[in-house]
Amino acid sequence: MVRDGIHYGVGLSAAGLLVSIFLSVAWGLPFFLLAAFCLYFFRDPEREIPAGAVAVSPADGKVVSLQPSGDGGRRVSVFLNIFDVHVNRIPVSGRITAFEYRPGKFHLANRESASLENEQTSLTIDSESATVVVRQIAGLLARRIVCHKSKGDIVEKGERFGLIKFGSRVDILLGPEWDLSVRLGERVKGGSSILARRRD
């Protein structure tokens, strides 16, 4: 469970209790339901991280875009709905060489324009002579991006690095040295689903 879920759950439960006492249980019920949803939304299950020269999905969700990038690589976009686990994970082991925050709009995260126009943070990871970029992108409902990593950090594949609250998108940019292992429309899990394999 992410700590934010406990805070939301306790706060909404307390509000529901007070409303139930001073008004009625019927008026307090929506607060209890919201508290239960927050506890569900901020769940953080353990994942088995695959070994080898592979890039794992940075998030749970659906692959909504597979686009070529300017360097001959590919961009994989994963859309998270409000029922997906929103904890984000590092796709490859390495060292973070750049961190960038860019303010922007809040388009629906499953639209192609979200990758360019929405508010986002980007981590560039140097992984054994390969550069991988992972972007947390805010959506229509997601108005807060949380990232716990910064430039210079050493990270491990599958390691938790942040979350985006209430619906979002995560992009991963892979160079030409990677062969994709996912298809458009496929459901993936953060930290355990393999997005691509490194060529020898």
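Atom CD of residue Gln136 and atom CG of residue Leu163 lie 7.5 Å apart, to the nearest 0.5 angstrom. From Lys189, atom NZ reaches atom CD1 of Ile194 across 14.5 Å, with rounding to the nearest 0.5 Å. With rounding to the nearest 0.5 Å, the separation of CD in Gln120 from CD in Glu100 is 7.5 Å. We find the CD1-CD1 distance between Ile90 and Ile49 to be 11.0 Å, quoted to the nearest 0.5 Å. Cys147 SG to Tyr101 OH: the interatomic distance, rounded to the nearest 0.5 Å, is 12.5 Å. We find the CG-NE2 distance between Asp153 and His148 to be 12.0 Å, quoted to the nearest 0.5 Å.
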For this session: Start with the C-alpha gap between Asp171 and Gln67, add the side-chain angles, then the distance that decides, and say whether side chain to side chain contact (heavy atoms under 4.5 Å, CB included) holds.
Result: CA-CA 10 Å; Asp171 284 359; Gln67 296 291 331; over 6 Å; no
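Counting only residues at least two apart or in different chains, salt bridge (charged side-chain N to carboxylate O under 4.0 Å, His left out) contacts with residues 50-61 comprise Arg47-Asp60. Legend: salt bridge (charged side-chain N to carboxylate O under 4.0 Å, His left out) pairs involving residues 154-164, not counting sequence neighbours, sorted by first then second residue: Asp44-Arg160, Glu46-Arg160, Lys149-Glu159.
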Compile the donor-acceptor pairs under 3.5 Å between side chains in residues 123-134 and protein atoms, sequence neighbours left out, one pair per line.
unit_1, atom_1, unit_2, atom_2, d
Ser127, OG, Ser93, O, 2.7

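Both Ile145 and Val155 are members of a single hydrophobic cluster when ILVMFWY side chains are connected at heavy-atom separations under 4.5 Å. Following chains of ILVMFWY side-chain contacts shorter than 4.5 Å, one can reach Leu66 starting from Leu80, so the two form part of one hydrophobic cluster. The cluster map of Ile, Leu, Val, Met, Phe, Trp and Tyr, joined by side-chain heavy atoms under 4.5 Å apart, puts Phe31 and Leu23 in the same cluster. One hydrophobic cluster holds both Phe22 and Leu17 under the rule that ILVMFWY side chains link at heavy-atom gaps under 4.5 Å. In the hydrophobic clustering of ILVMFWY residues, with side-chain heavy atoms under 4.5 Å counting as a link, Ile96 and Val56 come out apart.
In terms of heavy-atom proximity, Arg197 sits nearest to Ser181 at CG-OG, 3.6 Å. Nearest heavy-atom pair, Asn81 versus His86, reported as atom, atom and distance to 0.1 Å: O-CE1, 2.8 Å. The shortest heavy-atom contact between Val188 and Val78 is CG2-CG1, 3.9 Å. Counting all heavy atoms, side chain and backbone alike, Val54 lies closest to Trp178 at C-CZ3, 3.8 Å. Considering every non-hydrogen atom in both Gly72 and Pro176, the closest pair reads O-CB, 3.7 Å. Across all their heavy atoms, Leu174 and Val76 have their closest contact at CD1-CG2, 4.4 Å.
A donor atom on one side chain and an acceptor atom on the other are not found under 3.5 Å apart for Ser122 and Arg102.
Residues Pro45 and Val85 meet the side-chain proximity criterion, which asks for heavy atoms closer than 4.5 Å.
The local environment of CZ in Arg199 is crowded, with over 12 non-hydrogen atoms from other residues, nucleotides or ligands closer than 6.0 Å.
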